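Here's the structure, in structure tokens; my notes come after.
Predicted model only: the values in this text are computed from it and were never measured. Throughout, residue positions are numbered sequentially from 1 according to the sequence presented. Quick note: numbers below take in every heavy atom, side chains included, and nothing from hydrogens, waters or symmetry partners.
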Amino acid sequence: MKKFNYLFLMFAAITIAFTGCDDDEPTPDNGVTISGIPATATIEAGGTLGPVTATATAPDGLAQLVITKDGSSFATVPLSGTQASAPFEYTALPEDAGKNVVFTFTVTDVDGDQAVATHVLTVGAEATTIRIESNITADQTWETGKTYILGGRIVVEAGNTLTIEPGVVVKGEVGTGANASALIIARGATINAEGNATSPIIFTTVADEIAPGQIASPNLDPDLNGLWGGLIVLGNAKGSFAGDVAEIQIEGIPPSDTNGLYGGNDDAESSGILKFISIRHGGANIGEGNEINGLTLGSVGSGTVIENVEVIANQDDGIEWFGGAVNVSNAIVWNAGDDALDTDQAWSGTLDNFIVITGGETDHALEIDGPEGSFNAGHTLRNGSVKGNDVSELGDFRDGARGTFENIYFFGFANPADTDGRGDFSLSGDKTLATFADGALKFMNLEITLAEGVALSTVFKAGTDAAASSVAAGANTVGADKSAFAGWTWADVAGELADF
């Protein structure tokens, strides 16, 4: 018995018997029959149905079954005996979408007599919403005009590439703990997500009714967070880890999932491309105090291209770097639930041109942590504009933080005296004071529009006021170029960039 890897719906068998012909004279029934083939069936695009069983009979002995698809040869199966059966399946091809596909089954006996059955398979239009339920273990492309649902924690495993075309919407299932959804690019895997200024790629929650082609959510507020996980990219670049171990597990992913490991020695490695992406409503909690960041970069190498990134309403941090050497340009974070920008474990790259719009839950606009092991490296943040509020701090530099911070403008922050010490720019601990003193932590060209009656040194502490100056609202000479965010960001569409 031969099985074909093609698809049919299972239906009640029908028998269609045909007679042979001899010139123009009628001939008696030749006894050849074929049964089990339904006359019609309907499936979805890409669907897999069946099998059904085709049964052929011929008193004189069977010879073969010939199958055609839309008039072209499809399969030929040798038959023998007076009765034979074969299961038949068909999986609709992409080119079948929206069409009627005609299959013809012709049974021939040893004398040349035949019986024919015809099946018309109606294939539905191409699906525009696709659910992803398992890890990606082969190269895959998510196509423009479609929405992809993350049915859980989905990993692009090492050696494989996920390509996401412009305008794609990716939605994570709502869940916490082990059920938190996220998209993880494991070490050795690649993501090529290249949106553009007219068709950004949007990562959001299934609760969001946004469709491809839209920028602002039609139903969710921009401060609603924690409805799914986030985007995590992991690599083989260096990091400074406690105990000088070579690799550790990224936060937000259970230790049982080894796809969450990051760290190595290849600072130039590429994990792919992220361009014109917007990540929204994430930060699901997987355990006590363990949330997923909007965009997590763990030991990502400098060969990775990350440009034009927006993170909105994440329950934890907006963007967090854990070691690595990747550079990022044109980043905007709005309504982070914890820190807008967080750096750890001796990240050695540069963030150039960034905007932070703090929300009511934002702790620090900038949280800068130092190395955890003996490997020391610093990073650079430059050309940024940061809008504060009554509860957030400008920045907290701690644990021996290292790096250069220049051309940054702050405004909208409260008087620290009125907010229990909030609204300041602080250096925490002796290690940080030491890196500041020896030049491993540097500040240049910082500007601020102060709350009324506040002295510069009240905000910029521990001598950092030497690198800062007070300016009137709108009179800043440093800061971000907001034109990089025009049109494609929800923040711009919502009018949130008017003050920048």
Side-chain angles (χ1 to χ4, degrees), residues 150 152-156 172 175-187 189 191 203 225-264 271 274 279 281-301 304 306 309 311 313-326 328 333 336-349 351 361-364 366-373 375 379 396 398-399 401:
L150 304 176
R153 195 167 62 248
I154 303 299
V155 178
V156 182
T176 59
N179 295 320
S181 60
L183 179 61
I184 304 165
I185 314 305
R187 288 189 303 184
I191 181 170
F203 295 85
N225 62 35
L227 299 184
W228 71 291
L231 175 59
I232 299 173
V233 185
L234 306 176
N236 285 290
K238 293 177 184 176
S240 184
F241 310 136
D244 287 336
V245 297
E247 62 182 22
I248 60 175
Q249 184 80 359
I250 198 69
E251 69 175 32
I253 301 302
S256 59
D257 187 348
T258 57
N259 286 305
L261 289 169
Y262 68 102
S271 295
L274 298 175
I279 305 169
H281 309 295
N285 195 318
I286 70 160
E288 185 63 33
N290 192 2
E291 297 91 8
I292 300 174
N293 305 300
L295 175 60
T296 298
L297 302 170
S299 289
V300 177
T304 308
I306 303 181
V309 176
V311 180
N314 200 77
Q315 192 168 85
D316 195 30
D317 301 334
I319 304 175
E320 186 162 8
W321 293 260
F322 296 87
V326 65
V328 179
V333 177
D338 188 11
D339 308 313
L341 304 172
D342 194 343
T343 68
D344 306 87
Q345 299 171 341
W347 168 49
S348 60
L351 171 61
E361 298 178 357
T362 304
D363 189 10
H364 307 102
L366 311 177
E367 181 174 294
I368 312 300
D369 295 284
E372 298 176 6
F375 171 64
H379 49 271
D396 187 13
R398 57 196 193 180
D399 300 324

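With hydrogens and angles disregarded, no donor-acceptor distance shorter than 3.5 Å links the side chain of Arg398 to the backbone of Ile368.
Using a 4.5 Å heavy-atom threshold, the side chains of Glu320 and Phe322 count as touching. Val333 has its side chain within reach of Ile319: a pair of non-hydrogen atoms, C-beta onward, lies under 4.5 Å apart. By the 4.5 Å heavy-atom criterion applied to side chains, Asp342 and Asp369 are counted as neighbours. Contact annotation: the side chain of Asp257 approaches that of Val155 to within less than 4.5 Å [non-hydrogen atoms, C-beta and beyond]. Contact of the Glu291 side chain with the Glu251 side chain is not registered, since no non-hydrogen atoms from C-beta on lie closer than 4.5 Å. Contact check for Gln345 versus Ile248: side-chain heavy atoms found under the 4.5 Å cut-off. For the pair Leu351/Leu341, a side-chain contact is recorded, criterion being any heavy-atom separation below 4.5 Å from C-beta on. Side-chain contact between Asn285 and Gln315: present, with at least one pair of heavy atoms (C-beta onward) separated by less than 4.5 Å.
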Step by step, work out the side-chain contact (heavy atoms from CB on, under 4.5 Å) result for Ile232 and Ile185. CA-CA 6 Å; Ile232 299 173; Ile185 314 305; over 6 Å; no
Where do Trp228 and Phe203 land on the side-chain contact (heavy atoms from CB on, under 4.5 Å) test, with the steps shown first? CA-CA 10 Å; Trp228 71 291; Phe203 295 85; 3.8 Å; yes
Apply side-chain contact (heavy atoms from CB on, under 4.5 Å) to the pair Leu183 and Leu150, showing each step before the final yes or no. CA-CA 8 Å; Leu183 179 61; Leu150 304 176; 4.0 Å; yes
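What you find for Ser240 and Gly373 is that their closest heavy atoms are OG-N, 2.8 Å. The shortest heavy-atom contact between Leu234 and Ser271 is O-OG, 3.7 Å. The two atoms that bring Ala237 and Ala325 nearest to each other are CB-N, 4.3 Å, heavy atoms only. Ser299 and Gly239 get closest at one heavy-atom pair: OG-N, 4.3 Å.
A distance of 10.5 Å separates CG of Leu227 from CG of Asn314, quoted to the nearest 0.5 Å. Separation of atoms CD1 (Ile253) and OG1 (Thr296) is listed at 8.0 Å; rounding is to 0.5 Å. With rounding to the nearest 0.5 Å, the separation of CD in Glu367 from CG in Asp396 is 6.0 Å. Taking CZ of Arg153 as the start and CG of Asn259 as the end, the distance is 8.5 Å to the nearest 0.5 Å. Atom CZ of Phe375 and atom NZ of Lys238 lie 5.5 Å apart (nearest 0.5 Å).
Between Trp347 and Trp321, the ring-plane angle classifies as parallel under the 30° and 60° cut-offs.
Judged by distance alone, the side chains of Thr343 and His379 do bring a donor and an acceptor atom under 3.5 Å apart.
Just one of Ile292, Asn293, Asn225, Asp339 meets the side-chain contact (heavy atoms from CB on, under 4.5 Å) condition when paired with Asp316; it is Asn293. When each of Leu274, Ile306, Val233 is checked for a side-chain contact (heavy atoms from CB on, under 4.5 Å) with Val326, only Ile306 meets the rule.
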